[in-house]
Amino acid sequence: MAAAGKKSGASMPALGWWLMAVGAVRIGLTWSGFFGASSLGAATYAQAEMTGVHGRTFGVWTLLSCTLCFLCACNLDNKPLYAATFMSFVYAYAHFILEYLVYHTFTVANLGTFALVAVTSIVWMLLQWNSHAPRAAKKQA
C-alpha cells in the first residue's frame with residue numbers, strides 16, 4: 001500500500017515527458033490522416049497523391065504508435081511495453097528510409113524531420129533501457 005502511494009507521488013522522468021510530447025504530435029498526424037489525406041500526402045511524400053484509404057491507414061498506424069507512446073510514458077518500468085514502443089520507432093523510421101531509398105516516394109527533407117523524433121527517441125530509449133526497472137527489483141538486486 002505504501003509503495004503505491006510513493007509511485008503516484010513520483011514525478012514523470014524526462015523520457016516520459018518526451019514520449020507524451022511525441023504522442024501529442026502524433027495525434028495531430030492522426031487527424032491529418034483521417035481528414036486531410038491529400039494535404040498530408042502532398043506535404044510528406046515526393047510522389048503522387050495520397051488516397052483516402054492510404055490516409056486512414058496512416059491515421060490508424062499513427063494512432064496506434066501514439067497510444068504506445070502515452071502508455072509507455074506512464075509505465076516506463078513495463079519492459080514489454082517499453083520494447084514495443086521502442087520497436088514502433090524503429091519500424092516507422094525503417095519504413096520511411098525504405099520509402100526514400102527504394103521507392104523514392106519520400107524526400108530527404110522529410111526523412112530528416114522524422115529523424116529528429118525517431119532517432120532521438122530510439123537513442124534515448126536505448127540509453128534508458130534498464131533505468132526504469134521497478135523499484136522493488138532494484139532493491140532486491
Exercise for the section: Output, in order, the C-alpha distance, side-chain angles, deciding distance and verdict of side-chain contact (heavy atoms from CB on, under 4.5 Å) for His132 and Leu15. Expected result: CA-CA 10 Å; His132 301 289; Leu15 177 59; 4.1 Å; yes
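No continuous path of hydrophobic side-chain contacts links Val22 to Leu64 [ILVMFWY only; heavy atoms under 4.5 Å]. Residue Val108 is grouped with residue Phe96 when hydrophobic side chains (ILVMFWY) are merged at heavy-atom distances under 4.5 angstrom, including chains of intermediate members. One hydrophobic cluster holds both Val119 and Ile97 under the rule that ILVMFWY side chains link at heavy-atom gaps under 4.5 Å. In the hydrophobic clustering of this structure, Leu126 groups with Val90; members are Ile, Leu, Val, Met, Phe, Trp, Tyr whose side-chain heavy atoms approach within less than 4.5 Å, directly or through other members. Linking Ile, Leu, Val, Met, Phe, Trp and Tyr whenever their side-chain heavy atoms come within less than 4.5 Å leaves Phe58 and Val25 in two separate clusters.
The CG atom of Leu29 lies 9.5 Å from the SG atom of Cys66; values are rounded to the nearest 0.5 Å. Atom CE of Met87 and atom CD1 of Ile122 lie 8.5 Å apart (nearest 0.5 Å). Rounding to the nearest 0.5 angstrom, the gap separating the CD1 atom in Ile27 from the OG1 atom in Thr67 is 8.0 Å.
Annotation: ring pair (Phe, Tyr, Trp, His ring centres under 6.0 Å) contacts of Tyr100 (sequence neighbours excluded): none. Under the rule for a ring pair (Phe, Tyr, Trp, His ring centres under 6.0 Å), the partners of Phe35 that lie at least two apart in sequence or sit in another chain are Trp31.
Pairing each heavy atom of Gly16 with each of Ala73, the nearest pair is O-CB, 3.3 Å. Heavy-atom minimum distance, Leu111 versus Phe106: N-CE2, 3.5 Å. Closest approach of Ala84 to Leu68, counting heavy atoms only: O-CD1, 4.0 Å. Residues Ala24 and Phe70 approach most closely at N-CZ, 3.7 Å, considering heavy atoms.
The backbone N or O of Asn78 lies less than 3.5 Å from no partner atom in the side chain of Asn75, so there is not a single donor-acceptor pair. In this structure, Tyr82 contributes its side chain and Asn130 its backbone to no donor-acceptor pair below 3.5 Å.
Counting heavy atoms from C-beta on, the side chains of Leu76 and Leu19 come closer than 4.5 Å. Annotation: side chain of Pro13 is not in contact with side chain of Gln128 (no heavy-atom distance under 4.5 Å). Looking at heavy atoms from C-beta onward, Cys69 lies in side-chain contact with Phe89 at the 4.5 angstrom threshold.
The side chain to side chain donor-acceptor pair (under 3.5 Å) contacts involving residues 13-29 comprise Trp18-Ser121, Arg26-Ser65, where partners must be two or more places apart or lie in separate chains.
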